[in-house]
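The sequence lines fix the lettering, A, B, ..., with proteins before strands; numbering per chain opens at 1.
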Amino acid sequence: MSEHRYVPSEVEAKWQEKWEASNAHDTTHDPNKPFYYCLEQFPYPSGRLHMGHVRVYSIGDVVARFKKMHGHNVLHPMGWDAFGMPAENFAIQHGVHPNVSTHDNIAFMRNQQKQLGLSYDWSRELATCDPDYYKWTQWIFQLFYERGLAYKKKAAVNWCPECSTVLANEQVIDGECWRCDSEVVKKDLEQWFFKITDYADRLLTDLEQLQGGWPERVITMQRNWIGKSTGAEITYGIHGRDETLTVFTTRPDTLYGVSYVVLAPENELVQKLIEGYAGAAEVQAFIDSVRKASEIERTSTDTEKVGIFTGSYAVHPLTGEKLPIWIANYVLPDYGTGCVMGVPAHDERDFEFATKYQLPIVPVIDPGHQDALTEAFTGEGRLINSAEFNGMANTEALTKIVEVLEQKGIGKATTSFRLRDWLISRQRYWGAPIPMINCPSCGTVPVPKDQLPVLLPEHVDFGVKGKSPLETNDEFVHTTCPSCGGAARRETDTMDTFIDSSWYYLRYTGKGDGTQPFDTEAANNWLPVDKYVGGIEHAILHLLYSRFFTKVLHDAGLVNYTEPFESLLTQGMVVLNGAKMSKSKGNVVSPEDIINKYGADTARVFILFAAPPDRDLEWSDQGVEGAHRFLNRVWRMVENHIPILRKNNLKADASGDAAKKLRMATHAAIKKVTEDIGTRYQFNTAISAIMELVNAIYAYPEGADAGTKAEAIRTAVILLHPAAPHITSELWEMMGETSKLYALEWPVYDESALAMDEVEYVVQINGKVRERLVFPKEATKEEVESQAIASEKVQALLEGKSIKKVIVVPGKLVNVVVG
RNA sequence: GCGGGUGUGGUGGAAUGGCAGACACAACAGACUUAAAAUCUGUCGGGGUUUCCCCGUGCCGGUUCGAGUCCGGCUACCCGCACCA
């Protein structure tokens, strides 16, 4: 009977053109409406979309469209995290300039996004590789520099040989490069750092603000990454020398148990200590061997602890005892002071080390038994062998001993963080040049602001090993010093691309007057982002960096809040047969194929329906078929009722039983879908609620009130619109409606429609369901109780037993407790 | 080792402490059809003496009139951190 078949390609192209031509998705600024910022992490323009992209965008689009219909001004932008190494590697292999391949990729992917019917305000699109954008990335770099948050230092840094560039700590995963999985090695280089450690405390405490809005595990991961420890720094004298050494410890209460002191092999003091020592050569050989070890070998708990005596002795700050100074591989150079006091009796690592090298093990906290220690005792207890502190609880001694040290000026309470400064230099081409100049007489000088951006030169030699590509362009390198006018050299490193993505969400809100990176008023108006949707893989990296940027920009007076993302939705992966889709596994399902075969609406509905957003989604071709079947079912539902849907003077009369039931189903669906999308962000159950309504409409008896049916159909189409915008727009038009569905007001459910005249009670005996009885909704507790007990079924089961208690939950159940 | 999360039919998944398995997928049966597809209808956790009853949400225990849900312990898997003193 249906002449007019559902052809997704036609319907989708039609509506995409209409929306584009009418700027349907431009951001509104109605002062009477609340403002809502819905943001999905912008993609790297890799070439084409994968299913993971389709999933994030589908989720974001449902939220954005729902909020618009729900009476909000919605900012829903899209852009490109466009700098990065793949484009540069592609250039090396195929000779295509990154600027060309990147823009080609962007054009292709933008087109794919449009095919998905995503409601972006394209007028705000940005790409981080555009000079108009990276000018401001450079501006922000200089802001950091002016505020003492960008500095250069020579350090042993993480070097990825495959990418031939350095990496930040966060970008080293299990000793391997986050991007290419090559083993990372240490290299001594002078590099630029951002002083994120200055913000460690605030990055930690502000996590509290995010409770509730962020997944607990992301908060935990950040907390662990920042890794705050409270303890003390204690200064030891060195026997026969003027120098001192300072250790960091979380256990100053065990100070009397120190039997040796250990330095990291890299510690500068080591070289002084071994000068003139007979065993210096051996020590040096040891240091070299440790430094050769990879990051994995060095930091794994499985690695055997090895060390060597330096020939020098430290002086115990309270007892004056001589303590041998060792160096060992288990002491890290860049945590705490790079120097540890060894308390073998109460620290597992020290115990292992002391046992191996036969160093004294002196218990100073009563382990509760007389036997010799076979392992470190790390529990709590009372102090022993600790002079005047004997008998004191160790928790109390912890502060008391620090007090004594403080009075003597040889110790202080302090905290230590695991977070390290952010290494931001990259020896690569396709990134924002660091806007600094090195002058032989003036030192490091910023490029004057009016000369920004420092443009990337087009012609460079990409493939020279061990050289930043920018170094190969003489014209770029040679410049004059802004301060003295003399010949000077530019910085030839570019910035970590995570810097580009640390502020892009601000740029979307407004470009401002050209004196700063974004419009402060607009940014304050829209931010913090109300819903940020992205992958869990950024739990530390991007999310930590962006939080850091926001705090710095706040301190500089550029924004008036301290956290950028109020609420975070981390979507799970799209997997096939339990494995992440990847080219190498050959298990990739391409979005193009799905869109071509079924249309974007089907892809969206399937993805939203198949799993809750934060869980991994198992791809299922049959599931896609099911989603498509559902849309066809909706199509036929409308098509077969055009006459009653077009009669707009048709009044609904829900007085009959069937009509009353359908009206209830309609309003229950409105309630459920509104809550699921608007507050629970559980799109799978929202879709299932719409399916239930559609099923109820199909089951509606012939001849029952048509107006009620029309209302139900119209509602189902509206509720489905955020998930499947094209087909619903077409159906809306087929119904003879002239309004824009996307601009329609979201329906409000009628509480009274949900109230039933009669309620079914479950009657339990000792918690087991034995009977179901229907009562009028106004029946009192007493009536329900007595009638439930009086019922035939219950009476039969009560024979020979006595009623101990009866619980009545109004509107729900009766539980008769018998003995 | 530490921290976090998850365990429910053949599958994806539903269930403010109140009828476990909504909604789908798959499977099976039927209707329509010459036939198929599409569509529609029905069955669909296990077992039994089958109008009814018993068992069942990883395992053991607890709280409660009532536990998938709360508490304690265990176990398996996943994720993060991992010699951070």
Side-chain angles (χ1 to χ4, degrees), chain A residues 1-2 5 173-174 215-225 227-229 231-232 247-251 254 262 264 296 298-305 328-332 334-343 346-350 352-353 416-420 536-537 539-540 578 605-606 609-612 614-627 629-630 632-633 636 672 675 682 684-695 698-699 760-772 793 804-809 811-818:
Chain A
M1 120 178 225
S2 298
R5 274 185 56 241
I173 315 289
D174 291 336
E216 197 53 43
R217 64 184 187 132
V218 177
I219 292 177
T220 305
M221 281 164 74
Q222 293 221 351
R223 191 177 289 129
N224 291 343
W225 189 262
K228 183 176 182 173
S229 300
V247 304
F248 173 75
T249 179
T250 56
R251 295 295 304 274
T254 63
V262 217
I296 315 173
R298 177 69 182 275
T299 56
S300 164
T301 39
D302 300 334
T303 304
E304 202 193 348
K305 292 169 186 44
N329 63 340
Y330 77 96
V331 180
L332 304 173
D334 49 1
Y335 178 76
T337 58
C339 184
V340 178
M341 63 186 211
V343 188
H346 304 291
D347 181 281
E348 284 167 26
R349 295 152 304 184
D350 297 345
E352 186 189 333
F353 192 75
S416 196
F417 292 89
R418 302 170 66 147
L419 181 71
R420 311 290 152 82
I536 188 78
E537 67 273 17
I540 306 286
V605 167
F606 166 70
F609 177 65
D614 52 350
R615 250 194 261 186
D616 283 354
L617 184 155
E618 177 67 40
W619 187 265
S620 157
D621 287 334
Q622 284 152 340
V624 178
E625 294 272 2
R629 230 172 0 239
F630 168 65
N632 268 302
R633 201 164 141 83
R636 287 194 306 273
K672 176 84 177 138
E675 286 171 2
Q682 296 288 307
N684 55 330
T685 50
I687 303 277
S688 76
I690 300 169
M691 289 174 169
E692 282 182 80
L693 176 58
V694 171
N695 290 345
Y698 268 85
E760 187 185 79
Y761 277 72
V762 168
V763 182
Q764 299 179 333
I765 293 175
N766 286 346
K768 293 193 171 169
V769 182
R770 297 299 182 188
E771 176 66 304
R772 290 150 204 280
K793 188 82 181 284
K804 294 215 166 134
K805 192 173 177 183
V806 180
I807 285 124
V808 179
V809 181
K812 281 209 173 128
L813 64 80
V814 182
N815 189 12
V816 185
V817 186
V818 301

Please answer whether the main-chain N or O of A:Arg633 pairs with a side-chain N or O of A:Tyr698 as donor and acceptor at a distance below 3.5 Å.
yes
Base-pairing string, 5' to 3', of RNA chain B - Watson-Crick or wobble, under 3.5 Å, | interstrand:
(((((((..(((.....[....))).(((((.......))))).((((...))))..(((((..]....))))))))))))....
Classify the glycosidic conformation of B:rG72 as syn or anti, calling it syn when the angle lies within 90° of 0.
anti
Give every pair of a protein N or O atom and an N or O atom of nucleotides 62-65 of chain B that lie under 3.5 Å apart, one pair per line with the distance.
from, atom 1, to, atom 2, distance (Å)
B:rC65, OP1, A:Lys805, NZ, 3.1
B:rC65, O2', A:Asn815, ND2, 3.3
B:rC65, O2, A:Asn815, ND2, 2.5

Donor-acceptor contact below 3.5 Å, side chain A:Asn815 vs main chain A:Val809
no
Of A:Gly338 and A:Lys672, whose nearest nucleotide on RNA chain B comes first from the 5' end?
A:Lys672
Counting the atoms with a prime plus P, OP1 and OP2 as sugar-phosphate, which does A:Gly626 contact under 4.0 Å by heavy atoms, base, sugar-phosphate, or nothing?
sugar-phosphate
Does CD belonging to A:Glu771 count more than 12 external heavy atoms closer than 6.0 Å?
yes
Heavy atoms from C-beta onward define the side chain here; which of B:rA14, B:rC25, B:rA85 lies closest to that of A:Val340?
B:rA85
Can you tell me the distance, in whole Å, between the CD1 atom of A:Ile690 and the C1' atom of B:rA24?
14 Å
Rounded to whole angstrom, note down the C1' distance from B:rG1 over to B:rG56.
37 Å
Whole-Å C1' distance, B:rC23 and B:rG13
8 Å
Looking for any heavy atom pair under 4.0 Å, which part of the strands does A:Val769 touch: base, sugar-phosphate only, or nothing?
sugar-phosphate
To the nearest Å, how far apart are A:Trp225 CH2 and B:rC2 C1'?
16 Å
Separation of the P atoms in B:rG17 and B:rG3, to the nearest angstrom:
27 Å
Under 4.0 angstrom, heavy atoms only, what part of the nucleic acid is A:Asn695 near: base, sugar-phosphate, or nothing?
sugar-phosphate
Find the distance A:Phe630:CZ to B:rC23:P and express it as a whole number of Å.
13 Å
When the C1' atoms of B:rG62 and B:rG46 are considered, how many whole Å apart are they?
28 Å
Looking at every strand, decide which applies to A:Pro612 at a 4.0 Å heavy-atom threshold: base, sugar-phosphate, or nothing.
sugar-phosphate
Who passes salt bridge (charged side-chain N to carboxylate O under 4.0 Å, His left out) against A:Arg223, sequence neighbours left out?
none
Can you tell me how far P of B:rC79 sits from CD of A:Glu537, to the nearest Å?
14 Å
Pairs: protein N or O with nucleotides 39-42 of chain B N or O, under 3.5 Å:
from, atom 1, to, atom 2, distance (Å)
B:rU39, O3', A:Arg636, NH2, 3.3
B:rC40, OP1, A:Arg633, NH1, 2.6

Mind checking the P distance from B:rG72 to B:rG5? Whole angstroms is fine.
12 Å
Assign a letter to each nucleotide of nucleotides 3-12 of chain B from its 5' end: B, base within under 4.0 Å of a protein heavy atom; S, sugar-phosphate only; -, no contact.
SS-------B
Is there a side-chain contact between A:Val624 and A:Trp619 (heavy atoms, below 4.5 Å)?
yes
Separation between the P atoms of B:rC28 and B:rG21, rounded to whole Å
25 Å
Would one find a side-chain N or O of A:Ser416 under 4.0 angstrom from OP1 or OP2 of B:rA85?
no
A:Arg5 versus A:Asn632, side-chain donor and acceptor atoms under 3.5 Å
no
P atom, B:rU64 versus B:rC74: distance in rounded Å?
23 Å
Polar side-chain atom of A:Asp347 near backbone of A:Gly342 as donor-acceptor pair, under 3.5 Å:
no
Nucleotide nearest A:Arg418 (side chain, heavy atoms from C-beta), chosen from B:rG18, B:rA24, B:rA82:
B:rA82
Taking only nitrogen or oxygen atoms into account, show me every contact under 3.5 Å that the protein makes with nucleotides 54-58 of chain B, one pair per line with its distance.
from, atom 1, to, atom 2, distance (Å)
B:rC54, OP1, A:Arg770, NH2, 3.1
B:rC54, OP2, A:Arg770, NH1, 3.3
B:rC55, OP2, A:Lys768, NZ, 3.3

Check whether more than 12 heavy atoms from other residues, nucleotides or ligands sit under 6.0 Å from atom CZ of A:Arg420, and answer yes or no.
yes
Rounded to the nearest Å, what distance is computed from the CD1 atom of residue A:Ile219 to the P atom of nucleotide B:rC81?
17 Å
What contact category does A:Val331 fall into here, base, sugar-phosphate, or nothing, at under 4.0 angstrom with non-hydrogen atoms?
base
Take atom C1' in B:rG18 and the same atom in B:rU11, then report the distance between them in whole Å.
29 Å
Please determine whether a side-chain nitrogen or oxygen atom of A:Tyr335 lies at a distance below 4.0 Å from atom OP1 or OP2 of B:rA85.
yes
